[in-house]
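Everything below concerns the one structure shown next.
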Amino acid sequence: MKQLDFRKKWVLITGASSGLGEEMARQLAQQYGANLILVARRQERLEILKKDIEQKTGSQVALFVADLSKSAEVGDLLKTILQQYEPYAAILNAGVTHLGKQLDLTNEHFDQMIHTNVISVVYMANQFVKYFEQKQLEGALMFVSSMAALFPTPYQAAYSGTKGFLLNFATALSQELSNSKFSMTVFMPGGIVTEMTSTEGFNELRGYLMPVTQVAKEGLTAFRKRKLTYIPGFLNRLSSRFSFLLRKEFIIKQTGKVYKKSLDKKS
Ligand SMILES: NC(=O)c1ccc[n+]([C@@H]2O[C@H](COP(=O)([O-])OP(=O)(O)OC[C@H]3O[C@@H](n4cnc5c(N)ncnc54)[C@H](OP(=O)(O)O)[C@@H]3O)[C@@H](O)[C@H]2O)c1
């Protein structure tokens, strides 16, 4: 399958108002000449980003303000985007976490996480894939999962579950498709320096975080090359490759210890 060519094509990115989504938007415009459809709740942040990208590059930017934790907003959103822009690719990146004990996670916050990280992603992926299956167009879809999909993460238990869902869902779905010009990528970063990891609870984990520019760059290269799964960072790839040498219980226990230490220091 030939590599993706984003030039002058519309690429949808959810969660583009900060962090990884914002950085991928900037790089897609600057390095690859893509036009962008950006989605998030914070309108002001999106407008500043649009202005900046349009001033610095020849790319066009369209904005959609939406709360992806509200299922009702999701169906109409993608329908409109598909009709108005005929996108070439989509990066389903929006996500939230809960850092702390699972028993401190309220049902309300859990509902919001499941709707943002899982339900809206499945709804949008279904519509996006259907569109490409019916039209047999060239294109691609990226799911932003996490290394937490591979390594169950204590103190981010529910989050880790949502990211595991995305990995299994997307890789399984990829085998059901008939369009040979359409590919899917599951991107699985380890820790990244973004708003998500800016809270005190992550203080002791800062040494493990990668710069967002590097993560975005590697993610877009993997997407362009149509890799089915990709982990950014040499050390992250190494640890996932050789993790089979250790018992899973041991890895989970050690991960839990590191997180607990960081959370204890905060309080
Ligand atoms: N940071 C890490 O260590 C790390 C590691 C692995 C994977 N990831 C994944 O990378 C993705 C991006 O996270 P990030 O690190 O860049 O965090 P971030 O800076 O907090 O960005 C999260 C983005 O998601 C959007 N979002 C959250 N809830 C939303 C909702 N209900 N509706 C619409 N948009 C929503 C936010 O926009 P608004 O608030 O404006 O809506 C924001 O643009 C997530 O899926 C995350 O799980 C992060």
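As the structure is a computational prediction, the values presented were derived from the model and not from experiment. Positions are given from 1, in the same order as the sequence printed here. Each ligand, and each atom within it, is numbered from 1 in the order the structure gives.
- Side-chain contact between I192 and T197: absent, with no pair of heavy atoms (C-beta onward) separated by less than 4.5 Å.
- The shortest separation from a heavy atom of S120 to ligand 1 is not under 4.0 Å, leaving the residue out of contact.
- Atoms of ligand 1 found under 4.0 Å from any heavy atom of S18, numbered from 1 in the order shown, are 18 (P), 19 (O), 21 (O), 42 (C), 43 (O).
- The backbone N or O of V61 lies less than 3.5 Å from a partner atom in the side chain of E54, making a donor-acceptor pair.
- Among all non-hydrogen protein atoms, the one lying nearest atom 10 (O) of ligand 1 is V144 CG1, 3.4 Å.
- Near A66, with a cut-off below 4.0 Å to any heavy atom, the atoms of ligand 1 are 32 (N), 33 (C).
- Distances below 4.0 Å separate heavy atoms of V96 from the following atoms of ligand 1: 27 (C), 28 (N).
- Considering backbone and side-chain atoms alike, G191 places every N or O at 3.5 Å or more from each N or O of ligand 1.
- The contact set between ligand 1 and G19, taken as ligand atoms under 4.0 Å from a residue heavy atom, comprises 16 (O), 19 (O).
- A parallel orientation is assigned to the rings of F187 and Y230, their planes being inclined by less than 30° (bins at 30° and 60°).
- Counting only heavy atoms from C-beta outward, the side chains of F64 and Q84 approach each other to under 4.5 Å.
- G190 O, 2.9 Å is the protein heavy atom nearest to atom 5 (C) of ligand 1.
- Taking the six-membered ring for Trp and the full ring otherwise, Y259 and Y155 have centroids separated by 6.0 Å or more.
- The protein heavy-atom contact nearest to atom 37 (O) of ligand 1 is S17 OG, 2.8 Å.
- Looking at atom 1 (N) of ligand 1, its nearest protein heavy atom turns out to be T194 OG1, 3.1 Å.
- Annotation: atom 22 (C) of ligand 1 to nearest protein heavy atom, G95 O, 3.8 Å.
- When atom types are taken as modelled, the side chain of H109 and the backbone of L105 share no donor-acceptor pair closer than 3.5 angstrom.
- Residue L20 places at least one N or O, backbone or side chain, under 3.5 Å from an N or O of ligand 1.
- Distances from atom 4 (C) of ligand 1 to the heavy atoms of I192, L209, V39 put I192 nearest.
- Those atoms of ligand 1 with a heavy atom of L68 less than 4.0 angstrom away are 30 (C), 31 (N), 32 (N), 33 (C).
- Y88 and Y131 are members of different hydrophobic clusters when ILVMFWY side chains are connected at heavy-atom separations under 4.5 Å.
- Neither the backbone nor the side chain of R45 has a heavy atom within less than 4.0 Å of ligand 1.
- A salt bridge between E86 and K135 is absent, with no side-chain N of the basic residue lying under 4.0 Å from a carboxylate O of the acidic one.
- Contact annotation: F187 has no heavy atom less than 4.0 Å from any atom of ligand 1.
- Between Q30 and T57, the side chains place no donor N or O within less than 3.5 Å of an acceptor N or O (distance only, hydrogens not considered).
- Among the atoms of Y159, some N or O lies under 3.5 angstrom from an N or O of ligand 1.
- N93 OD1, 3.2 Å is the protein heavy atom nearest to atom 12 (C) of ligand 1.
- At the shortest separation from atom 28 (N) of ligand 1 among protein heavy atoms lies R41 NH2, 3.2 Å.
- Under the 4.0 angstrom criterion for non-hydrogen atoms, E22 is not in contact with ligand 1.
- For the residue pair S178 / E133, a side-chain donor-acceptor distance below 3.5 Å is found, with atom types taken as modelled.
- Residues L166 and N117 are not in side-chain contact: their nearest non-hydrogen atoms beyond the backbone lie 4.5 Å or more apart.
- Between T153 and Y159 there is no side-chain heavy-atom pair separated by less than 4.5 Å.
- When atom types are taken as modelled, the side chain of S69 and the backbone of Q112 share no donor-acceptor pair closer than 3.5 angstrom.
- Between R42 and E195, at least one side-chain nitrogen of the basic residue sits less than 4.0 Å from a carboxylate oxygen of the acidic one, meeting the salt-bridge criterion.
- Taking 4.0 Å as the cut-off between side-chain N and carboxylate O, D67 and K70 count as a salt-bridged pair.
- Within ligand 1, counting atoms from 1 as listed, the ones closer than 4.0 Å to a heavy atom of D67 are 30 (C), 31 (N), 32 (N).
- Of all the atoms in ligand 1, the ones that sit under 4.0 Å from a non-hydrogen atom of E195 are 19 (O), 20 (O).
- Not a single heavy atom of A148 sits closer than 4.0 Å to an atom of ligand 1.
- Here is the list of ligand 1 atoms found below 4.0 Å of a heavy atom in A16: 43 (O).
- Protein heavy atom at the shortest distance from atom 7 (C) of ligand 1 is S145 O, 3.2 Å.
- Below 3.5 Å of separation, one finds no N or O of G21 facing any N or O of ligand 1.
- Taking each of A94, S69, A216, G219 in turn, the one with a heavy atom nearest to atom 26 (N) of ligand 1 proves to be A94.
- No donor-acceptor pair under 3.5 Å is formed between the side chain of D52 and the backbone N or O of I48.
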